[in-house]
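Scroll down for the structure; my scribbles are underneath it.
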Amino acid sequence: MNLKYRRLKGTRDILLEEAERWAWCEERWADVLARYGYGEIRTPVIEPTDLFFRSVGEGTDIVDKEMYTFQTKGGESLTLRPEMTASVVRAYLENGLTRQPGTLKFYYMAPMFRHDRPQAGRYRQFHQVGVEAIGSPSPVLDAEVIQTAMALFDAVDARGLGLLVNSIGCPSCKPAYVADLKIFLKGREEEIPEAFRGRIDANPLRLFDAKDDAVQALLREFRPITDSVCPACREHHAVLLQTLTDLKVPFEEDPTLVRGLDYYSRTTFEITALAERKQSSLAGGGRYDGLVEQCGGPPTPAVGFSIGIERTLLHLGDEPVDPQRSRQSVVDVYVACLGDEAQRFGLVAADLLRGFCRVEIDTSGRSAKAQAKSANQRLARILLTVGEAEIAADSLQLKILETGDQRPVARLDLLAAVKEVLEG
RNA sequence: GUGGCUGUAGCUCAGCUGGCAGAGCCCCUGGUUGUGGUCCAGGUGGUCGUGGGUUCGAAUCCCAUCAGCCACCCCA
C-alpha cells in the first residue's frame with residue numbers, strides 16, 4: 001500500500017503482543033529495582049546541548065556525530081538525550097539533593113536518541129533501563145550495581161551473558177597513562193589505519209575500542225592500563241573483584257574495556273551476549289566520580305549502568321509479531337448486537353458487567369455469524385446476543401460457548417447469571 | 001559516512017529464457033430469516049516501491065531514485 005505517512009528511519013512501533021512483552025519485562029524490572037533500593041527518576045528527553053558536550057565529552061562518537069541537536073527560535077541549542085547519566089546528575093543538582101545522607105539510588109526506563117545508521121538491535125530512538133547510585137566511593141557499591149544489572153537480566157530469563165570488567169584509573173593516574181600512550185602511538189602512527197589516526201590526539205584511549213586487528217596488535221605492545229593505575233585505584237579494583245567473587249557473580253577482566261564515554265573513572269564494565277556476534281553488547285556502565293563536580297556540584301562519587309531494552313528483547317528471541325494473530329485480547333463476555341438499537345441496548349447491558357468481568361461489545365454491524373466467530377476468537381466464555389426480540393422482552397440470549405447451551409436471561413438478572421457461569 | 005541484500009493483496013510469499021497479476025492465511029457474504037471453534041460455495045482487496053529506458057508487449061531486462069533490512073564504523 002502507498003502510505004501517506006511512515007515512521008521515521010530508525011524508529012519503531014511497539015504494539016499488541018510486543019507491547020505486552022515490554023510490559024512484562026518492565027514489571028519484573030521495577031520489582032527487582034525496588035528490591036535493590038532504587039527509586040524512579042523521570043527527566044525531560046530534551047536538554048541543553050552543552051550538558052552532553054561537557055559530560056559525555058567531545059571526541060566521542062555520541063557527541064561528534066550522533067546527537068539530535070537543533071536550535072530554538074531564541075537561538076538556544078537543544079539536544080534529545082543520547083544517554084541518561086548526564087540528565088540524572090543535572091536533576092540531582094537542580095533538585096538540591098547534594099545534602100541528602102547516604103547513597104541516592106535512581107532507576108529509569110526511558111527512550112534515548114542517537115542519529116546512527118539503524119541495524120539489528122540498533123535504533124535512533126531506543127530504550128534503556130538503568131540506574132545511577134550517587135554518593136558512595138565504595139567498590140562494594142560497584143559490585144552491588146553490577147549485581148543489580150545481572151539481576152535485571154535474570155528477572156527476564158536472559159541467559160548466556162558474559163560480564164567484562166576493567167579499571168581505567170582516576171584523575172591522579174589516568175592522565176599520565178594517556179600521555180604515555182599518546183607518545184607511544186605517535187611513534188607508531190604509520191602502523192595505524194588512517195580511519196583511526198584522528199583519535200591519537202583527540203582521545204587516545206578510544207583506540208582500544210577499535211576492532212581493527214592492526215590497532216589491537218599494536219596496543220598489545222603497550223602496557224595495559226590496569227597495571228598503570230595508582231595504588232588507590234588498584235585497591236579499589238581488587239576489592240571490587242573480590243566482592244564479585246564473594247557474590248558468585250562470574251566475570252572476566254578485560255584491560256581493553258575503556259568504553260565510549262569520557263566521564264568514567266576507575267570501574268568500567270560491560271555485559272555481552274556470548275553467542276551473538278553482532279550487537280552483542282547488551283549493557284554498559286561504570287563509575288563516574290568526577291562528573292557531579294564537573295557539572296557544578298560538590299565532589300561526589302557515583303556509579304551506574306544502562307541496559308539496552310531492544311537488544312535484551314532481541315537476545316530473548318523476540319520473534320516478529322503477526323498482527324492478525326495477535327489481534328485478540330482475551331475477554332470474558334462478548335456482546336453481539338443485531339441492529340443499531342440493539343447496540344445501544346447491548347452497551348447498557350455490558351455496563352452492568354464491567355465491574356465484574358471483561359466485556360467486549362460488537363458494534364461492527366456484521367452478521368450474527370461473524371460476531372459469534374469473533375467471540376470465539378477472543379476466547380470469550382459467554383456470548384450475549386441482542387436483537388429486536390430481546391429488546392422487546394428486555395432480555396438477552398446468553399450462550400455458554402464451551403457447551404453451546406443458550407437461554408434467554410432478563411436484563412435485570414444478567415449480572416447474577418453471568419456470575420454464576422463464570423464462577424461455576 | 002561506506003558496502004551488501006530485498007521491495008508483488010492487510011500478512012507470508014510464488015510468478016522460469018519478457019506474453020491476460022496468482023496462492024495460502026486473514027477479512028466479508030451465503031449455505032444455517034439471528035449464533036463460534038470443522039466444512040462447502042462465492043466475494044472484497046494490487047499504480048507489481050517510484051521515475052525513466054529497451055520492446056509489438058515489462059512484475060520480469062537496463063538505468064536512476066526512494067524505502068526497508070543487514071553489515072562496517074561505533075555503541076545500548
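A quick note: this is a predicted structure, and the numbers were derived from the prediction, not measured. Side chains included, hydrogens not; waters and symmetry mates left out as well; all remaining heavy atoms used. So that the names make sense, note that chain A is the first sequence line, chain B the second, and so on, each numbered from 1.
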Is the closest basic N to carboxylate O distance between [X] and [Y] below 4.0 Å?
X        : Y        : answer
A:Lys419 : A:Glu423 : no
A:Glu390 : A:Arg411 : no
A:Arg381 : A:Glu402 : no
A:Asp405 : A:Lys399 : no
A:Asp209 : A:Arg199 : no

Closest-nucleotide 5' rank along RNA chain B - winner of A:Leu261 and A:Val386: A:Val386

Between A:Leu8 and A:Ala368, the residue closer to the 5' end of RNA chain B by nearest nucleotide is A:Ala368

Between [M] and [N] - [atom1] atom distance, rounded Å:
N      : M      : atom1 : value
B:rG1  : B:rG19 : C1'   : 45 Å
B:rG15 : B:rG43 : C1'   : 24 Å
B:rG57 : B:rA21 : P     : 15 Å
B:rG4  : B:rA9  : C1'   : 29 Å
B:rA71 : B:rU54 : P     : 40 Å

Aromatic rings A:Tyr177 and A:Phe208: how do their planes relate, parallel, tilted or perpendicular, breaks at 30° and 60°? parallel

Using OP1 and OP2 only, check whether a side-chain N or O of [X] sits under 4.0 Å from [N].
X        : N      : result
A:Thr385 : B:rG34 : no
A:Gln119 : B:rA71 : yes
A:Gln377 : B:rC27 : yes
A:Arg259 : B:rA76 : yes
A:Arg199 : B:rC74 : yes

Note on RNA chain B: ranges paired as stems (three or more Watson-Crick/G-U pairs in a row, both atom distances under 3.5 Å) are B:1-7 with B:66-72, B:10-13 with B:22-25, B:27-31 with B:39-43, B:49-53 with B:61-65

Going by heavy atoms closer than 4.0 Å, what residues in residues 33-61 of chain A are next to RNA chain B? A:Asp61

Which part of the nucleic acid, if any, lies within reach of [X] when heavy atoms closer than 4.0 Å are counted: base, sugar-phosphate only, or nothing?
X        : answer
A:Gly130 : nothing
A:Glu83  : nothing
A:Ala389 : base

Let me know which of A:Thr11, A:Thr79, A:Ile46, A:Leu80 forms a side chain to side chain contact (heavy atoms under 4.5 Å, CB included) with A:Phe113. A:Leu80

With A:Val418 as partner, the option from A:Asp332, A:Val359, A:Leu352, A:Leu398 fulfilling side chain to side chain contact (heavy atoms under 4.5 Å, CB included) is A:Leu398

Does a distance-only test, which skips hydrogens and angles, find a donor-acceptor pair under 3.5 Å between the side chain of A:Arg114 and the base of B:rA76? yes

On a plain distance test, is the side chain of A:Lys369 in donor-acceptor contact with the base of B:rG31 below 3.5 Å? yes

A:Ile200 and A:Glu189 have their tightest heavy-atom pair at CD1-CG, 3.9 Å

Which nucleotide wins on minimum distance to the side chain of A:Lys373, given the candidates B:rG36, B:rG34, B:rG30? B:rG36

Using a distance-only test with no angle check, is there a side-chain donor-acceptor pair under 3.5 angstrom linking A:Ser364 and A:Gln371? no

